[in-house]
Amino acid sequence: MGSSYRFTHAIVRTPPSSAVSGLRANDVGNPDVVGLKQHHTAYVSALEAAGVQITVLPGLEEFPDSLFVEDTALCLPLGAVILRPGAPTRRGEAMAMAEAVKQFYPTAVELPGEGTLEGGDILAMENEILIGVSDRSTSEGIAALAGVVSPWGYQVREVTTPAGVLHFKSDCSLLDETTVLSTRRLSASGCFDGYTVIDVAEGEEPAANSIRVNDVVFMPEGFPHTSQAVRDGGFEVVELNNSECQKIDGGLSCLSLRFSPS
Ligand code: CIR
């Protein structure tokens, strides 16, 4: 138990200066790169303090969104899969990540077929993996992943991402084996029936993208009602400033690949 949130290692990528041109659904202004890098440094320190050994890769200037490493690979205890991002400008990021992943998983496989799949749509629980179809991830990509992870003991369940939401995990996070944090617009679909759901407060939707790492839940700063609800659920919460990342639709989960190879 706990394999879905107990991590020994993580891979991150320093934000490139080109992140000012990162993809975004709504333009609320460019991120401040100095602030983005400071927040990233604090994020890395926080993961280290939670007991994770971090590999920091250099930013890729030719890929403005390359700091969002979560979208490029899925690393489970028994194996890793190099994904195929649905955003055409992000395709090359996955191949750039393969080399780093293979240091930990020598037999990492590339997602078979032609479907697309971004890690932001993948919520890996203990025995099942929920994957949201989105503008970035297709049913074909999800079916291909299901075939790869089945021998590793996981069942994949295809679910839907709310309209207008970038990724499935933009709206939810795993808190422990049986508990998720979710926006109401997502949990209303019934996809978490059987799990305990802690609701994100109305108007605090970006707080849904939090991460449980070992004994801590990392949450973005500025969402007091939701962070209190998570604390009231018995979890230790550490808040991190993610304001610049949010301008290019990035949450805390996107910034790392977290894993424990067995
Ligand atoms: C993108 O649109 O692809 C980036 N600007 C944000 C990616 C966020 N990744 C994630 O939620 N896993």
Side-chain angles (χ1 to χ4, degrees), residues 10-33 35-37 39-40 43 47 57 59-75 81-94 96-97 101 111 116-124 129-138 141-142 145 159 161-162 164-174 180-183 186 200 205-213 218-220 240 242-259:
I11 298 175
V12 303
R13 206 180 262 295
T14 302
S17 299
S18 61
V20 289
S21 310
L23 296 172
R24 66 208 77 177
N26 298 307
D27 201 349
V28 293
N30 289 342
D32 169 59
V33 173
L36 188 61
K37 291 185 179 184
H39 296 169
H40 194 267
Y43 176 88
L47 289 190
L57 303 175
L60 299 172
E61 290 297 337
E62 64 275 38
F63 294 110
D65 287 299
S66 57
L67 64 162
F68 301 122
V69 290
E70 177 179 59
D71 294 319
T72 63
L74 176 67
C75 299
V81 187
I82 308 302
L83 301 175
R84 187 175 306 107
T89 57
R90 303 199 56 194
R91 286 278 159 85
E93 293 175 32
M97 178 56 70
V101 167
L111 185 73
T116 62
L117 194 49
E118 296 192 358
D121 285 314
I122 303 175
L123 184 71
I129 299 180
L130 275 62
I131 310 183
V133 174
S134 71
D135 287 349
R136 303 288 181 85
S137 297
T138 62
I142 294 170
L145 187 85
V159 290
T161 302
V165 172
L166 173 61
H167 286 129
F168 180 65
K169 273 193 311 195
S170 305
D171 267 31
C172 65
S173 325
L174 166 149
V180 292
L181 175 66
S182 176
T183 62
L186 175 57
V200 168
E205 282 71 19
N209 187 281
S210 294
I211 41 171
R212 170 80 191 267
V213 178
F218 293 105
M219 300 189 68
L240 295 170
N242 194 46
S243 63
E244 300 316 297
C245 230
Q246 275 167 21
K247 293 175 183 171
I248 46 174
D249 299 341
L252 296 178
S253 77
C254 329
L255 292 171
S256 58
L257 277 175
R258 304 163 296 280
F259 52 95

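Read the numbers this way: they start at 1 and go in the same order the structure lists the ligands and their atoms.
For ligand 1, the polar-atom distance check against S253 finds no nitrogen or oxygen pair separated by under 3.5 Å. Checking only distances, E70 does come within under 3.5 Å of ligand 1, N or O to N or O. Close N/O approach between R24 and ligand 1 is not found [any backbone or side-chain N/O within under 3.5 Å].
Looking at residues two or more places apart in sequence or on another chain, you find a side chain to side chain contact (heavy atoms under 4.5 Å, CB included) between C245 and L36, L67, F68, N242, L255.
In this structure, CG on D171 lies 8.5 Å from OG1 on T161, to the nearest 0.5 angstrom.
The F68 neighbourhood of ligand 1 comprises atoms 4 (C), 5 (N), 6 (C), 7 (C), with distances under 4.0 Å to a heavy atom of that residue. Taking every non-hydrogen atom of C254 and a distance limit under 4.0 Å, the qualifying atoms of ligand 1 come out as 8 (C), 9 (N), 10 (C), 11 (O), 12 (N). Each of the atoms 4 (C), 5 (N), 6 (C) of ligand 1 lies under 4.0 Å from some heavy atom of I248. In the vicinity of G120, heavy-atom distances shorter than 4.0 Å reach the ligand 1 atoms 12 (N).
No donor-acceptor pair closer than 3.5 Å links the side chain of K169 to the backbone N or O of N209. For E93 (side chain) and L60 (main-chain N/O), no donor-acceptor pair under 3.5 Å exists by modelled atom type.
Listed here is the closest heavy atom pair of S66 and G59: OG-C, 4.4 Å. The two residues V101 and A73 come nearest to each other via the heavy atoms CG2-CB, 4.2 Å.
The protein heavy atom nearest to atom 12 (N) of ligand 1 is D71 OD1, 2.9 Å. For atom 4 (C) of ligand 1, the closest non-hydrogen atom on the protein side is D65 OD1, 3.2 Å.
For S256 and R258, the side-chain atoms include at least one donor-acceptor pair closer than 3.5 Å. Donor-acceptor pairing under 3.5 Å is recorded for the side chains of E70 and S253.
Residue contacts with ligand 1, taken as heavy atom pairs separated by less than 4.0 Å, involve L23 via backbone and side-chain atoms alike. Only side-chain heavy atoms of R136 come within less than 4.0 Å of ligand 1; its backbone N, CA, C and O stay farther off. The part of R90 lying near ligand 1 is the side chain, judged by heavy-atom distances below 4.0 Å.
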